[in-house]
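Side-chain atoms are counted along with the backbone in the values below, which use heavy atoms only and exclude waters and symmetry mates. Predicted model only: the values in this text are computed from it and were never measured.
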2 protein chains.
Amino acid sequence: MSSGDISSETVIGLTAVIVAVTDETPRVLVARRIHHDLATPAQQGRSAAPQDRPDTLPYGPFDAQRHRTLELGLRGWVEEQTGIRPRYVEQLYTFGNQYRDPREFEGGPRVVSIAYLALTHETPLAGTGEARWRDWYDCLPWEDWRGGRPAIVDKIVRPALQNWIRAAPDRPAREERRERVSVAFGFDKSAPVDYVRCLERYELLYEAGLVLEALRDRLAIERAQGRKPSAIDSKASAAAQATGAPMALDNRRILASALGRLRGKLAYRPVIFDLLPEEFTLLRMQRVVEALSGRRLHKQNFRRMVLNADLVESTGHRDTTSPGRPAELFRFRREVVTERAAVGVGLPALSAAE
Amino acid sequence: MSSGDISSETVIGLTAVIVAVTDETPRVLVARRIHHDLATPAQQGRSAAPQDRPDTLPYGPFDAQRHRTLELGLRGWVEEQTGIRPRYVEQLYTFGNQYRDPREFEGGPRVVSIAYLALTHETPLAGTGEARWRDWYDCLPWEDWRGGRPAIVDKIVRPALQNWIRAAPDRPAREERRERVSVAFGFDKSAPVDYVRCLERYELLYEAGLVLEALRDRLAIERAQGRKPSAIDSKASAAAQATGAPMALDNRRILASALGRLRGKLAYRPVIFDLLPEEFTLLRMQRVVEALSGRRLHKQNFRRMVLNADLVESTGHRDTTSPGRPAELFRFRREVVTERAAVGVGLPALSAAE
DNA sequence: ATATATATGTTCATAATGAGCATAACAATA
DNA sequence: TATTGTTATGCTCATTATGAACATATATAT
């Protein structure tokens, strides 16, 4: 626990993306307080008001003394800090880029963070009260296509990325940028967006300077190297203001990575059921899938798919809370996992329907 | 670099699973030499002959001073040690279980290892000569179903796992074991094996004591705790001798994890092409997919799928080396990645054909 | 020429998918 | 009580994808 001024030191941390879905909004647990007084230099300078500070993901150091495995370490402090015992926990990715923690600039250690995805119900929060549930799409607004192609994509992201393509130093670089944009967002061609490539999209926006974190980091690096701050494209800067809520460190990248992983997993593992209550209607289930995948689904086909796959069985109960014909309540049929190889909700390849 | 006797110390390492496919065998790069004189206590005691020492995966410590990112760190020492510049590199998983490095028993630090998957051609090896290519299925023989259900599954794995199920302490535990076995290997039901669940299968064998590493670790822990070595089921022990080549540390677990990841990726990202030469016949491509997925595929359907998906284009050349009608040579159409969302070889759901 | 081995092309039945139309069961209201 | 709005549920149809078999083409070796 000694604070090192030898910058060769390397520290391992655990970061949690804790997910729940209420009605139609996917939520992640965030803390307003910068954990361990972690703040960007700019923020320390300005001593920003609490409401200006970007959110962080729940974070805890990994204590090799106390925990036999990484996952147990994560579960440990998550429960201590938030009272949550996630139903599902999965390791996401290990982030170790230089300067992902700005304290490195002042000789702080390199912090390598192992990110985990955790699924739960939305629960009343124990603990300090600094934690709260936040709409996932607040931070990644370009990922929500449920109402059709989001306005932000056409009005902000697309023109800004085209500027960025044009601004490439030479032709090969331009071509490479064009291809990456095309793959991630599917603009040019008739190809649909691949809703699973969330991380690629975020990284593109970051490189193009279209998220505030990119400007923040560029500035910090230049300052630390004693260089003059480079000019910032005013158009890009304005765009960066509009691309959703920034987060501390690389936490938004982690969020994007988690969303992509979860979207991918939906299709072949029965993870939705870890986000649903014991009994649920098929529409409720559909809404949760839609919330996470960010797309609308065809109601009858969704129904057919779920029933034909024997994913659920009727409980005999009905939901009478909504107007109209009461819906049947179902429960997850756990047996399916032993019956078939891939168990998931099988999202359609592209289209948006309803 | 100071060797710590404070066991709270934690060290980050990078482990590489470097894959190539020659003809019909998938290969991974292994080193016979135990890296950094790393050996299990048992091995140190017996001072095993070199050919008795289990292989290890290429490993290097992560030096935060020298490398901006984890991936660059990995690429760095991989090229230094082996001369290989992989065409594709992807982070796999971070392994941090207690005692994954047996030196912990003697006060050594907890070693958390970030594993990477790397794809390349099989290349003549530079460096010490300690490294060599090894058939992946030497270590995971139960994963190769190309010749139908492997003998080892029926003769050894299945009966041993059924013993293990019976040996559960109580009924719920027995039920849980039964379900896990069923999901991983698909014995009971008509369900096919899910060829992607390699890690689950390995972990099952490990828990059931059916791989030598499990016996090794159990012994080491008991010895370190001063307990009397527990009796080892002689049947299980015999089985463990027959379940393929053991590896040092948890390297076989990492191998299983890599195989599963790669199998999954095949279906929706064009990773095969990083294992193929510039020009190849469709049969060659099929053989590579089969080698990795561990299953035989229907030739005509594979052909149709690849061609209809516009994954490849003819080079106009032909392969005249084999008897019979010469095969057309194709190259990868890079453009497809911008044309469609999921680009891969779309393995069929189950069956084995030819 | 003939046998043999491989590559390539075609067809067919079946299953999965996307989309629309039709009906059923409730509540609120006229 | 009849009407209307709202949601759930069921059915059909065209299109496409998939698994499998059969048929043909082009080479080498004898």
Side-chain angles (χ1 to χ4, degrees), chain A residues 23-24 190 192 195 267-268 279-287 289-290 293 295-330 340-354, chain B residues 23-24 190 192 195 267-268 279-287 289-290 293 295-330 340-354:
Chain A
D23 299 328
E24 312 222 355
S190 58
Y195 54 96
Y268 64 100
E279 298 196 350
F280 49 86
T281 69
L282 291 185
L283 185 58
R284 171 95 193 260
M285 179 175 168
Q286 183 179 338
R287 293 297 177 226
V289 175
E290 289 174 336
S293 65
R295 306 174 313 146
R296 285 259 166 255
L297 300 174
H298 186 105
K299 193 163 167 176
Q300 293 90 329
N301 291 343
F302 181 83
R303 203 186 155 71
R304 175 177 58 187
M305 183 250 109
V306 171
L307 292 177
N308 282 359
D310 283 322
L311 285 181
V312 297
E313 63 193 357
S314 175
T315 63
H317 308 154
R318 323 176 110 220
D319 171 46
T320 52
T321 59
S322 63
R325 174 173 173 174
E328 205 172 344
L329 283 165
F330 293 87
R340 52 186 71 247
V343 174
V345 293
L347 298 174
L350 46 134
S351 73
E354 170 82 344
Chain B
D23 300 326
E24 312 222 358
S190 58
Y195 55 94
Y268 65 101
E279 299 196 349
F280 49 85
T281 69
L282 291 184
L283 185 59
R284 172 95 192 259
M285 179 176 168
Q286 182 180 340
R287 293 296 178 228
V289 175
E290 289 175 336
S293 65
R295 306 174 311 148
R296 285 260 166 253
L297 300 174
H298 186 107
K299 192 163 169 178
Q300 292 92 327
N301 292 343
F302 180 83
R303 202 185 157 72
R304 176 177 60 187
M305 185 250 107
V306 171
L307 292 177
N308 283 359
D310 283 322
L311 285 180
V312 298
E313 63 192 359
S314 174
T315 63
H317 308 155
R318 323 175 109 219
D319 170 48
T320 52
T321 59
S322 64
R325 176 172 171 174
E328 206 173 343
L329 284 166
F330 292 86
R340 52 186 73 246
V343 174
V345 294
L347 298 173
L350 46 134
S351 74
E354 169 85 341

With sequence neighbours excluded, what pairs up with F330(B) under the side chain to side chain contact (heavy atoms under 4.5 Å, CB included) test? F280(B), L282(B), L307(B), V312(B), S314(B), E328(B)
When the distance from CE of M305(A) to P of dA16(C) is rounded to whole Å, what number comes out? 11 Å
Atom CG of L329(B) and atom P of dT26(D) are separated, to the nearest Å, by 17 Å
Describe, as an angle rounded to 10 degrees, how the axis at the first end of the helix from dA1(C)-dT30(D) to dA30(C)-dT1(D) is tilted relative to the axis at the last end, five pairs per end. 10°
Quiz question: going by heavy-atom distance under 3.5 Å, is there a donor-acceptor pair between the base of dG5(D) and the side chain of R325(A)? no
Residues at least two apart in sequence or cross-chain that pass side chain to side chain contact (heavy atoms under 4.5 Å, CB included) with Q300(B), listed by chain then number, are H298(B)
dG9(C) phosphate, OP1 or OP2, under 4.0 Å from R303(B) side-chain N/O: yes
Which residues satisfy the side chain to side chain contact (heavy atoms under 4.5 Å, CB included) test with A267(B), sequence neighbours excluded? none
List for me each residue that meets side chain to side chain donor-acceptor pair (under 3.5 Å) alongside N301(A), sequence neighbours excluded, and say none if there are none. R304(A)
Starting at the 5' end of DNA chain D, which residue's closest nucleotide do you reach first, N301(A) or P323(A)? P323(A)
Name every donor-acceptor pair, under 3.5 Å, that has one atom in a side chain of residues 317-326 of chain B and the other anywhere in the protein, sequence neighbours excluded.
from, atom 1, to, atom 2, distance (Å)
H317(B), ND1, E279(B), OE1, 3.1
H317(B), ND1, E279(B), OE2, 3.0
D319(B), OD1, T321(B), N, 3.4
D319(B), OD1, T321(B), OG1, 2.9
D319(B), OD2, T321(B), OG1, 3.4

Can you check the D319(A) CG to dT9(D) C1' distance for me, whole Å? 15 Å
In whole angstrom, give the distance that lies between atom NE2 of H298(A) and atom C1' of dA16(C). 14 Å
Please work out which residues in residues 308-318 of chain B have a non-hydrogen atom less than 4.0 Å from an atom of DNA chain D and list them by number. R318(B)
Starting from C1' on dT6(D), measure out to NZ on K299(A) and report it in whole angstrom. 9 Å
Residue list, side chain to side chain donor-acceptor pair (under 3.5 Å) with T315(A), at least two apart or on another chain: none
Between C1' on dA8(D) and CE on M285(A), what's the gap in Å once rounded to a whole number? 16 Å
Distance check, rounded to the nearest 0.5 Å: R296(A) atom CZ versus R287(A) atom CZ? 5.0 Å
Among dT6(D), dT18(D), dT8(C), the one nearest any side-chain atom of R304(B) is dT18(D)
For the CZ atom of R303(B) and the CG atom of N308(B), what is their distance to the nearest 0.5 Å? 11.0 Å
In whole angstroms, how far is the C1' atom of dA27(D) from the CD atom of E328(B)? 15 Å
Atom CZ of F330(B) and atom P of dA7(C) are separated, to the nearest Å, by 11 Å
Answer with yes or no whether Q300(B) presents, from its side chain, a donor or acceptor under 3.5 Å of a partner atom in the base of dG19(D). no
By the 4.0 Å heavy-atom rule, please label L283(B) as base, sugar-phosphate, or nothing. sugar-phosphate
Does the side chain to side chain contact (heavy atoms under 4.5 Å, CB included) test come out yes or no for Q286(B) and V345(B), once each step is laid out? CA-CA 9 Å; Q286(B) 182 180 340; V345(B) 294; over 6 Å; no
